[in-house]
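In what follows, chains carry the letters A, B, and so on, assigned in the order in which the sequence lines appear, proteins first and then strands, with residues in each chain numbered from 1.
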Protein chains: 2
Amino acid sequence: MAAPVDIPDIVIGRLPIYLRALSQLADEGHDITSSHELGQRLGISSAQIRKDLSHFGEFGKQGTGYQINHLLGQLKQILQVDHEWAVALVGAGDLGHAIARYGGFLERGFRIVAVFDSSPEKIGRELNGMQILPADDLSTVISEQQVKIGMVAVPARYAQEVTDELVKAGVRAILNYAPITLVVPKGVHVQYIDPVAHLQRMTYYID
Amino acid sequence: MAAPVDIPDIVIGRLPIYLRALSQLADEGHDITSSHELGQRLGISSAQIRKDLSHFGEFGKQGTGYQINHLLGQLKQILQVDHEWAVALVGAGDLGHAIARYGGFLERGFRIVAVFDSSPEKIGRELNGMQILPADDLSTVISEQQVKIGMVAVPARYAQEVTDELVKAGVRAILNYAPITLVVPKGVHVQYIDPVAHLQRMTYYID
DNA sequence: TAGATTGTTAATCGATTAACAATC
DNA sequence: TAGATTGTTAATCGATTAACAATC
């Protein structure tokens with residue numbers, strides 16, 4: 001059995017960017033693109049794009065480039081986004097509401113199947129076609145439905161606690177909107193959405 | 001005149017993370033920390049933290065570590081977030097509403113001072129204490145108020161167009177919520193908020 | 001065919017880490 | 001003082017780029 005070649009995480013991180021750019025090209029009516037064209041759009045060298053893709057196979061044709069639809073399909077398969085994922089959302093405040101209502105998740109393959117909150121006045125209300133469930137049911141619902149992805153949209157001080165419960169219930173990937181660093185066991189992945197951190201990174205450069 | 005030493009962007013990108021972790025430590029009542037403690041929390045080596053900080057000066061004391069409040073202050077100065085920034089928001093749909101209402105921006109030094117939309121039925125309505133302004137006024141308002149930061153929360157197909165206007169009006173940093181890559185002239189910075197891309201990056205790793 | 005572009009190798013570049021003298 | 005931790009140097013590691021044979 002061949003050892004699974006492990007691909008640098010930084011490469012994996014660029015695949016969704018390629019996916020996004022390819023979708024855009026497809027939307028614009030293109031059928032074929034090249035590493036050069038793609039690189040131009042993304043501000044990435046063509047060599048890097050070819051190198052990145054070469055980790056997974058050969059997807060292009062010399063002299064021609066890449067069939068956009070084919071490459072899209074291959075990338076989706078690699079990232080395992082060739083099927084829909086069920087997602088649990090914790091937190092039904094302003095942010096949770098916005099997330100639940102945002103159509104872009106479903107559009108791109110992530111279906112929010114449950115929303116939890118701990119506030120008695122929110123529990124039972126409807127949000128985007130779902131009933132807001134009590135946080136106490138989190139573990140049961142997630143285990144039963146075998147949900148593997150969670151989104152944390154609770155105030156910072158509850159985020160670690162919520163994370164621990166998600167992990168215990170079997171969640172393997174967490175998208176964290178709270179501005180704190182979460183501690184998770186190995187094998188569980190966390191990504192952070194912190195718009196303010198992005199702004200702070202840019203203000204450094206403003207005269 | 002010494003040439004301004006230019007610091008790797010990847011280092012700049014970590015400073016907001018340090019800022020966030022230090023704030024958290026301060027909130028928890030700590031006065032002092034070390035590169036080791038900070039690194040543990042963030043999953044970063046202590047050597048890297050010391051190296052990163054060394055680009056900007058000496059902020060610690062051998063044998064003791066870092067005075068949290070002092071380091072916080074220094075980092076804020078370096079990132080230029082030791083004063084409030086005015087921000088313009090374009091797009092008053094669901095996402096724009098959520099952004100406008102989210103308290104975390106102001107809390108951390110970014111004040112949304114104007115919201116624009118092109119839909120006649122939204123223009124004039126109130127949103128978080130502001131009147132929604134017509135997109136046609138974007139250029140004037142931003143130039144006059146010398147706003148340097150913009151947030152783009154419009155559908156993907158309008159995002160580039162809006163960006164061009166923002167840039168023309170003098171905006172130097174753009175936080176883009178639309179899932180497309182934007183083209184901007186040198187000297188203008190863009191950061192992307194694309195939660196789906198983060199999810200796609202994690203699904204790769206799920207058995 | 002001639003031109004274009006891939007996939008891949010080797011060279012370069014840059015970032016991270018280990019180690020330690022300095023010193024609080 | 002003894003222990004701890006900084007700031008920095010040099011070594012290591014890994015990622016990016018340049019270049020080109022293969023080939024459509």
Under 4.0 Å from OP1 or OP2 of C:dA4: is there any side-chain N or O of A:Y66 that close? no
Reckon A:T64 has a side-chain N or O less than 4.0 Å from the OP1 or OP2 of C:dT5?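 False: A:T64 side-chain N/O out of range (4.0 Å or more) of C:dT5 OP1/OP2.
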Salt bridge flag under 4.0 Å for residues B:R172 and A:D207: yes
Expressed as a whole number of angstroms, how long is the span from [X]:[atom1] to [N]:[atom2]?
X     : N      : atom1 : atom2 : value
A:I49 : D:dA15 : CD1   : P     : 17 Å
A:H36 : D:dA18 : NE2   : P     : 13 Å
A:Q67 : C:dT5  : CD    : C1'   : 15 Å
B:D9  : C:dG14 : CG    : P     : 14 Å
B:K51 : D:dT12 : NZ    : P     : 16 Å
B:D6  : C:dA15 : CG    : C1'   : 14 Å
A:H70 : C:dT6  : NE2   : P     : 15 Å
B:I12 : C:dA15 : CD1   : P     : 12 Å

Nucleotide nearest [X] (side chain, heavy atoms from C-beta), chosen from [options]:
X     : options                : result
B:S34 : D:dT6, C:dG7, D:dT17   : D:dT6
A:P8  : D:dG7, D:dT9, D:dA15   : D:dA15
A:I10 : C:dA22, D:dT16, D:dC24 : D:dT16
B:R50 : D:dT6, C:dT6, D:dT16   : D:dT6
A:K61 : D:dT16, C:dT17, D:dC24 : D:dC24

Write down the partner of D:dA15 under the Watson-Crick or G-U wobble criteria, each distance required to be under 3.5 Å.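 D:dA15 is paired with C:dT12.
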With a 3.5 angstrom cut-off on both distances, give the Watson-Crick or G-U wobble partner of C:dA22, or none if there isn't one. D:dT5
Should A:L53 and A:L75 be marked as a side-chain contact (heavy atoms from CB on, under 4.5 Å) after you check the CA-CA gap, both sets of side-chain angles, and the distance that decides it? CA-CA 9 Å; A:L53 296 179; A:L75 287 179; 4.0 Å; yes
Hey, are B:Q160 and B:D164 close enough side-chain-wise for a donor-acceptor pair under 3.5 Å? yes
Please give me the minimum heavy-atom distance between A:R14 and A:I44, naming the atom from each residue.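 The answer is CD-CD1, 4.0 Å.
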Please compare A:Q62 and B:S46 by the position of their nearest nucleotide in DNA chain D and report the one closer to 5'. B:S46
For the residue pair B:Y102 and B:F105, does the interplanar ring angle fall in the parallel (under 30°), tilted (30 to 60°) or perpendicular (over 60°) class? perpendicular
How is B:S35 classified with respect to the nucleic acid when contacts are heavy atoms under 4.0 Å: base, sugar-phosphate, or nothing? sugar-phosphate
